[in-house]
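Letters A, B, ... mirror the listed sequences (proteins, then strands); counts begin at 1. From a predicted model like this one, the values you see are computed outputs, not experimental measurements.
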Amino acid sequence: MYQEVILDHYKHPHGRGLRDGDAEVHHVNPTCGDEITLRVKYDGTTIEDVSYEGQGCSISQASASVLNELLVGKDLSDARKIQETFLELMQSKGKLEPDDAMEEILEDAVAFAGVSKYPARVKCALLSWMAWKDATAQVLGGADAEKETTA
Amino acid sequence: MYQEVILDHYKHPHGRGLRDGDAEVHHVNPTCGDEITLRVKYDGTTIEDVSYEGQGCSISQASASVLNELLVGKDLSDARKIQETFLELMQSKGKLEPDDAMEEILEDAVAFAGVSKYPARVKCALLSWMAWKDATAQVLGGADAEKETTA
Amino acid sequence: MTQLPGLLDTEALRKDFPILDRQVHDGQKLVYLDNAATSQKPRQVLDALSEYYERYNANVHRGVHVLAEEATALYEGARDKVAEFINAPSRDEVIFTKNASESLNLVANMLGWADEPYRVDSETEIVITEMEHHSNIVPWQLLAQRTGAKLKWFGLTDDGRLDLSNIDQVITEKTKIVSFVLVSNILGTQNPVEAIVRRAQEVGALVCVDASQAAPHMPLDVQALQADFVAFTGHKMCGPTGIGVLWGRQELLEDLPPFLGGGEMIETVSMHSSTYAPAPHKFEAGTPPIAQAVGLGAAIDYLNSIGMDKIFAHEHALTEYAVKRLLEVPDIRIIGPTTAEERGAAISFTLGDIHPHDVGQVLDEQGIAVRVGHHCARPVCLRYGIPATTRASFYLYSTPAEIDALVDGLEHVRNFFG
Amino acid sequence: MTQLPGLLDTEALRKDFPILDRQVHDGQKLVYLDNAATSQKPRQVLDALSEYYERYNANVHRGVHVLAEEATALYEGARDKVAEFINAPSRDEVIFTKNASESLNLVANMLGWADEPYRVDSETEIVITEMEHHSNIVPWQLLAQRTGAKLKWFGLTDDGRLDLSNIDQVITEKTKIVSFVLVSNILGTQNPVEAIVRRAQEVGALVCVDASQAAPHMPLDVQALQADFVAFTGHKMCGPTGIGVLWGRQELLEDLPPFLGGGEMIETVSMHSSTYAPAPHKFEAGTPPIAQAVGLGAAIDYLNSIGMDKIFAHEHALTEYAVKRLLEVPDIRIIGPTTAEERGAAISFTLGDIHPHDVGQVLDEQGIAVRVGHHCARPVCLRYGIPATTRASFYLYSTPAEIDALVDGLEHVRNFFG
Ligand SMILES: Cc1ncc(COP(=O)(O)O)c(C=O)c1O
Ligand SMILES: Cc1ncc(COP(=O)(O)O)c(C=O)c1O
């Protein structure tokens, strides 16, 4: 499960640190204590920044780094598409072999495919993504407004 | 376990029915619903009568009949000896082979030796004996005065 | 050999149950007719238990090592099997307990500690019936004593059915919970769920169904029942001892407070306060009966492989035959319905004034295992003015020949004490 | 191979545990160091389970047929074995539960519903410690919430021991119950029972000892402990899942009210009221975990055949070796005592800032099973300012070679994330 890509993101995280934002959320994975504080900054529906700070395992750290790399600069609708695809992959219990289309959408995030085989770790990989979804809903409301829990 | 002697006592019980007495007790075996009402009549320390009525299985019925046969007319000290010997036999879990001395004391009651192998039935066999002990304590007090329970 | 329509191929099935080959009392073939007390276990279930311990044993949840993940998958897989078996809308509605008694106590305690609108207190009423197993009486008596609520119940008709004639007086606006048995373990009666549920819904009361004697013997569909809680127990349905189930409606399980506290049921704990995991985990404190859940899952696979409708048909045919044959025995009195309609495969009776203990003992000497006593339903004995009954109860491996053996055995009992 | 004084002949013993031969991740030999979560089961226990189901299975108590009598004798025989194992003054003081968590909840609930002098209410205080397992925290939090009693606790010293310096302020005349762990499952710490019991007795408080991590590993003598209740769990001591024990002093068990209501725990039931059987049955509602009790009895026979003092010596030697070897690993921080004195064989640690999940996962890839997380003792993690720990824990079949494998594995983890 520890793909090179994941280890790289873990050791050299993208965009780590808290910067100015439109909303801030704090999510915790109660089963292992992983935590993230995450801020989003929007320019209209364009994601200007996702900044974060937290503690946790390599999977949750690398996942936040990948999220930053993938989403910053994207339009919300594209970002949602990426988030949903990532969720689908993570919930696949290792049974989904990412195809070219998926690889194109997820880029580095396909490296997490192997993690989906480990139920105890899926929540780690999803922590920052759920936080992003939640923070986005706070800024832009809409269909995402229901409270998401990462528990 | 159903010795001829036991079946005989069951079908032709001795001294069944309630007659005049110095004390009356009512004992119940809650696990199977066997019940006995028993009266004792003393002439000094001589047992003049043990009368009883109740419902229950052949073992509890026959045991009451044997009790009546053995104890009526005896002096209390002899009766106690019989009661204690019977108790010992019933608690032996089938491991006690009655010897001549015991047979002499228990007479027909040795037929219950086989019952002691069946934990569920031991209480049936002891029901009337515990009731007698209790009733006697009420009349004569003394060492027997602690409440006995057949539960 | 007696042939009845609808029977299973018991000759083949019985090979799955090692204990049925046992001989007792120096060479008597075992005739096991005590299935309402507990069922025997097929090889498939014993193998699943051994395999679990020999290959996968670990504590469940939160482990990142292989064994912990495999054990968790097996344990949670058993939950999926139970959910499907009872047609639960969601697997998260299936709570593993240690037995049906714990399941029923869990419901009573949740309601005792609940907030409104569920809370049982001195202004409210609890309804049960006179044919309940002690495990569906005592928890409610305790709850009534401890909260001041009033305990009410439905009585019984002379032929062993619920007397619902006064249903509107028994279940009232004050009723918070109606808890009753689907199939009685002493009378065999199968109760009319719909009428009771309809009235309970009218007054906004919750409904708890004790399905301990139903789940092993007939298709069980919690959605069709329309109850709020359904309890049953593993050991009566080919599963191991030490495992029971409580199914509850999701909204209720979310709203109601926990019962036992400890590991597994928490979300986060500090010395000052704790929050709880979502159901079902909220109600599963401590290391669960892991191997036993796996064993119950294997039992469900086994039952499904035969088919619950086929099992029901088999037992129905046996019950019809048994009632007919038993009524041929002089002095017999069946306590409960005397036809096979709307009844399960447990038949209680008295035999003249021969005490059930004696009946049971003499049958046992012939290798025939029945249960005698009040069958944890003493109010039924009081109701019918008897100290106890003898009960024969059947399961998927029971045969007409065993019923014949019982009837012959009873003849012997009569002669013996005659 | 490393030779340490006091070790058991693990080469022979390991043959009794089929799972220890298992290979994981395509050919990695299993190194099972998660014994504090649950122990593995010897063949002897699995055989006892199978034999029970294949030959004796029946519901216990009140049966007059052979199987029921044999099953009852086996179940009650297991109670005798437990009583002897813990040196209980009477077998009637041994209550079978489903796990240690139920045992602890049972104590909390008995005291909540008790009459004076035991009753816990808003005038009274409950004392626990900061190193308790959630199963010895949450039941008391629930009791405190529901009765208004005040929950207090002993803190911890920096080296992982109980801080008893303020014992007279923590345990006061208002204290009704002091409940604490004998050996911590996260720190490994073995607590000084005597000092706590002495103070509790001074103020007339009851004492409950959570011996879940002691019973499997050292001789346990409830009389020597001088506690009022002792709880432990079968699955950690070579027994099956689904069985726990609560030992309680006879007078208390007589005086205290029942908890779960149902079959088996009653003396006589009518619709209007019920009376209860004497202990232990008063506290065992419903069909008990029969096979699991028999399995626990077999586990006790197995442990006795080795000798609890020998098991303790073995684990002590291993712990001494493990502490020494682990402290050689750079960046390691042991959370808990860093010597083998007054401690059990569970060792928690952190490794630099590598998250325990990652430590556990990379160890698992090498076949090494440890537990990571807060080990159901989150207040300990809060106390030491860490999110989680990695925990290695040993048992009678653990070897120095497995400790070497762990240390090598940790080196690999460091390089991997370095
Ligand atoms: C110290 C301690 N107490 C209580 C428990 C709870 O035991 P169980 O999960 O079997 O109820 C455990 C084990 O998880 C433990 O280690
Ligand atoms: C109708 C009914 N309810 C509840 C129970 C209790 O089941 P358990 O003893 O497994 O808790 C039984 C079985 O004894 C039963 O027959």
Side-chain angles (χ1 to χ4, degrees), chain C residues 18-19 22 24 37-38 40-41 46 50 53-55 57-59 62-67 98-102 105 130 133-135 137-139 141-142 153 235 240-242 260-263 266 269-271 274 285-287 289-292 357 360-361 364 369 371-373 376 378-379 382, chain D residues 18-19 22 24 37-38 40-41 46 50 53-55 57-59 62-67 98-102 105 130 133-135 137-139 141-142 153 235 240-242 260-263 266 269-271 274 285-287 289-292 357 360-361 364 369 371-373 376 378-379 382:
Chain C
I19 206 172
R22 217 194 122 172
V24 293
T38 200
Q40 297 305 339
K41 325 299 175 201
L46 306 188
S50 297
Y53 285 125
E54 286 175 11
R55 288 192 57 77
N57 176 65
N59 213 324
R62 293 172 204 185
V64 296
H65 60 78
V66 184
L67 296 186
K98 68 175 173 176
N99 54 25
S101 303
E102 186 192 348
N105 279 276
E130 205 176 357
H133 189 279
H134 292 163
S135 293
I137 299 177
V138 183
Q141 288 181 336
L142 287 170
W153 55 88
H235 65 91
T241 58
L260 302 180
I266 56 94
V269 172
S270 77
M271 294 308 287
S274 301
T287 303
I290 308 170
Q292 292 73 37
H357 263 193
Q361 196 92 47
D364 175 60
R371 188 132 306 221
V372 299
C376 292
R378 188 164 169 274
L382 294 178
Chain D
I19 206 172
R22 219 195 119 170
V24 293
T38 200
Q40 298 304 340
K41 325 299 174 201
L46 305 188
S50 298
Y53 285 125
E54 287 175 12
R55 288 192 58 78
N57 176 64
N59 213 325
R62 292 172 205 186
V64 297
H65 60 79
V66 183
L67 295 186
K98 68 173 172 178
N99 54 26
S101 303
E102 186 191 349
N105 279 276
E130 206 176 356
H133 189 279
H134 293 163
S135 294
I137 299 177
V138 184
Q141 287 181 338
L142 287 170
W153 56 87
H235 66 90
T241 58
L260 304 180
I266 56 94
V269 172
S270 77
M271 294 307 287
S274 301
T287 303
I290 308 171
Q292 292 74 37
H357 264 193
Q361 198 91 46
D364 174 60
R371 186 130 309 219
V372 299
C376 293
R378 188 164 171 273
L382 295 178

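For the residue pair C:His134 and D:Gly263, the shortest heavy atom distance occurs at CB-N, 4.0 Å. Residues C:Arg378 and D:Val269 approach most closely at NH1-O, 2.8 Å, considering heavy atoms. Smallest separation of non-hydrogen atoms from C:Ile19 and D:Leu67: CD1-CD1, 4.1 Å. The two residues C:Ala369 and D:His65 make their nearest non-hydrogen contact at CB-CG, 3.4 Å. Looking at every heavy atom in both residues, C:Pro240 comes nearest to D:Gln292 through CB-NE2, 4.4 Å.
Note on D:Pro139, D:Gly242, D:Gly262, D:Ser270: by heavy-atom pairs under 4.5 Å with chain C, the leading option is D:Gly262. Listed options D:Thr287, D:Ile266, D:Val372, D:Ile137 were ranked by heavy-atom pairs under 4.5 angstrom with chain C; first place goes to D:Thr287. Across D:Cys376, D:Pro18, D:Gly360, the residue that shares the most heavy-atom pairs under 4.5 angstrom with chain C is D:Pro18. Comparing D:Ala100, D:Ala285, D:Gly373 by how many heavy-atom pairs each has under 4.5 Å with chain C, the most go to D:Ala285. Of all the listed residues (C:Gln361, C:His357, C:Glu130, C:Arg371), the one sharing the greatest number of non-hydrogen pairs under 4.5 Å with chain D is C:Arg371. Across C:Leu142, C:Val138, C:Asn105, the residue that shares the most heavy-atom pairs under 4.5 angstrom with chain D is C:Asn105.
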Practice item. Give the C-alpha distance, both sets of side-chain angles, the deciding distance and a yes or no for side chain to side chain contact (heavy atoms under 4.5 Å, CB included) between D:Met271 and C:Leu382. Key: CA-CA 10 Å; D:Met271 294 307 287; C:Leu382 294 178; over 6 Å; no

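Two residues are said to be in side-chain contact when any heavy atoms from C-beta on lie closer than 4.5 Å; C:Glu54 and D:Lys41 fail this criterion.
When heavy atoms are compared at a cutoff of 4.5 Å, C:Val24 approaches chain D solely by way of its side chain, counted from C-beta outward. For chain C, the nearby parts of D:Ile290 are the backbone and the side chain; heavy atoms of each come within less than 4.5 Å. The part of C:Arg22 that comes within reach of chain D is its side chain, from C-beta onward, which places non-hydrogen atoms under 4.5 angstrom from that chain. Heavy-atom distances place the side chain of C:Leu46, and not its backbone, under 4.5 Å from chain D. Residue contact with chain C, scored on non-hydrogen atoms closer than 4.5 Å, involves the backbone and the side chain of D:Asn57 alike.
The side-chain hydrogen bond (donor to acceptor under 3.5 Å, both in side chains) check on C:Ser274 picks up D:Gln141, with sequence neighbours excluded. Residues passing the side-chain hydrogen bond (donor to acceptor under 3.5 Å, both in side chains) test with D:Ser135, sequence neighbours excluded: D:Ser101, D:His133.
To the nearest 0.5 Å, atoms NZ (D:Lys98) and CD (C:Glu102) are separated by 3.5 Å.
Although no hydrogens or angles enter the test, the distance criterion places a donor-acceptor pair under 3.5 Å between the side chain of C:Asn59 and the main chain of D:Ala37.
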